[in-house]
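All of these numbers come straight from a predicted model, not from anything done at the bench. Just so you know, ligand 1 is whichever comes first in the structure, and atom 1 is the first atom listed for that ligand.
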Amino acid sequence: MDPPGRRSLAADGLGGMPDRAVPVEWQVAADEGFRRVVRHGVEIARPESAHSVHVELDGLDPGAEYFYRFRTGTEISPAGRTVTAPAPGARTRDLRLSFTSCADYQAGWFTAFRRMAEDEPDLIAFLGDYIYEYGDYKYPVRDQAGGECLDLAGYRLRHAQHKADPELQLAHAIAPWAVVWDDHDIENAWAGDVPEQPDPPFLQRRAAAFQAYYENMPLRRAQRPSGPDMRLYRTLRWGAVANLHMLDTRQYRDLYACTGRSGTVGADCAERFAPNRTILGAEQEAWLDGELRESAATWDLLGQQVFLMEMDWTNGAGKGYSNEGWDGYVASRNRLTAALDTYKRNGVVLTGDVHSHWAGEVKRDFQDPESEPVAVELVTTSVTSAGNGLDEYPNTGILLQENPHVKFFNGRRGYVRARISQKEMRVDFRSLPRVTEPYAAAYTSGSFVIEPGAPRLNPV
Ligand SMILES: [Fe+2]
């Protein structure tokens, strides 16, 4: 008989499971040996949900460690560890949060997930591109199953292959995850209901990608998709220390300024500044404003996809801004920075997408040279996307010089880990020398401390 990892890649659309409902028993225990089981139950795994189950629990102790496992038939899962958030407002121990993005299976080994798991964080935030929808590369580091994801079976197969990866399994087993998608979870550079490619019909494809995403991610019923719509944005609270606002900059955004396509636009692109343009959509913007207005936590963390701070990507005299990041939606950015300023919030923006580490200070208004920072942005590199990379590129120095609010760059793969208390936030950018071979050791390429009331990056 094939091992489970192989069977789950069967091209039968059922992930190797029989075409019938299967009961799945689950247990939650206060100890790793499952002597003190505190909750247990049965969920029915159905073929129409690709035999996924979502167990929603209440009544667990706040700020506590638990272990869980599943059983169906004669198969027992390995135990997973999880941690519950401290009670609202509670003074509590630090939050140890790690985050990363962009896990392209063909581009390399998922060593970053292994190294994240070894840190035993309280929470892992994944900021998009958990899968890549692409077809086969000419020279992949690892072979993927199936071609380009175009329909439900295709997206399910890609997720199944990722879930069979032992290093990704380690990261899921060590801590709870907070997840948002970016473009490749659905299709490269999609914007609202506008695809990059016209075929297959986009809302059909988006519905398939959302369904597979929901099935495979630790999401609650509140996030369950309805056709091509899925409310992913939400807030997770960690006592009095931090609120983590997970944002969706893809589903409700206006189309790309000036060209209608994702790319770099020059200083002549006035549409970037149009006051009615939005990257979050009116509803999510109003919701986020309310969350920030009501927030009483020391830190407000914004988990999201694309560069928030201004970034001139063109070396030398010319200007070049990405119309896919918040630079393409300047009014949207200004409304957010105004809210952080007005409500006196300690904003820390957590970003993915660009396959390199960056850290910078977010000014209240990038058009005003006198403007002060109101938040800090920490951009994580990828798990594998873009291959091994380099610590620095020939143009790194010029980019940092021309964008003085940007304080740090590293071009390897890896993740970011943070230790967050009411007194300070300590951040380590973790890098890997290579992902074309397994088991690379991680090193710290940059460390910073941020203090409440002072949105600055202090190098350590
Ligand atoms: Fe990516």
Under 3.5 Å donor-acceptor, Tyr321 side chain and Glu310 backbone: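 Judged by distance alone, no pair lies under 3.5 Å.
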Check for a donor-acceptor pair, side chain of Glu187 on one end and backbone N or O of Gln197 on the other, with a separation under 3.5 Å.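 Side chain of Glu187 to backbone of Gln197: a pair is present.
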Quick one: report the N, O or S atom of Asp129 that is nearest to the Fe ion (ligand 1).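 Among the N, O or S atoms of Asp129, the one closest to the Fe ion (ligand 1) is OD2.
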Verify the ring-centre separation between Phe409 and His357: is it less than 6.0 angstrom?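 Aromatic pair excluded; centres sit 6.0 Å or further apart.
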Examine all N, O or S atoms of Tyr132, backbone included, and report whether one is under 2.8 Å from the Fe ion (ligand 1).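 Under 2.8 Å: Tyr132 contacts the Fe ion (ligand 1) through an N, O or S atom.
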Verify the distance test for His184 against the Fe ion (ligand 1): any N/O/S atom under 2.8 Å, yes or no.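 Coordinating: no.
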side-chain hydrogen bond (donor to acceptor under 3.5 Å, both in side chains) partner of Glu372, the single match among Arg456, Lys363, Arg364: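 Among Arg456, Lys363, Arg364, the one meeting side-chain hydrogen bond (donor to acceptor under 3.5 Å, both in side chains) with Glu372 is Arg456.
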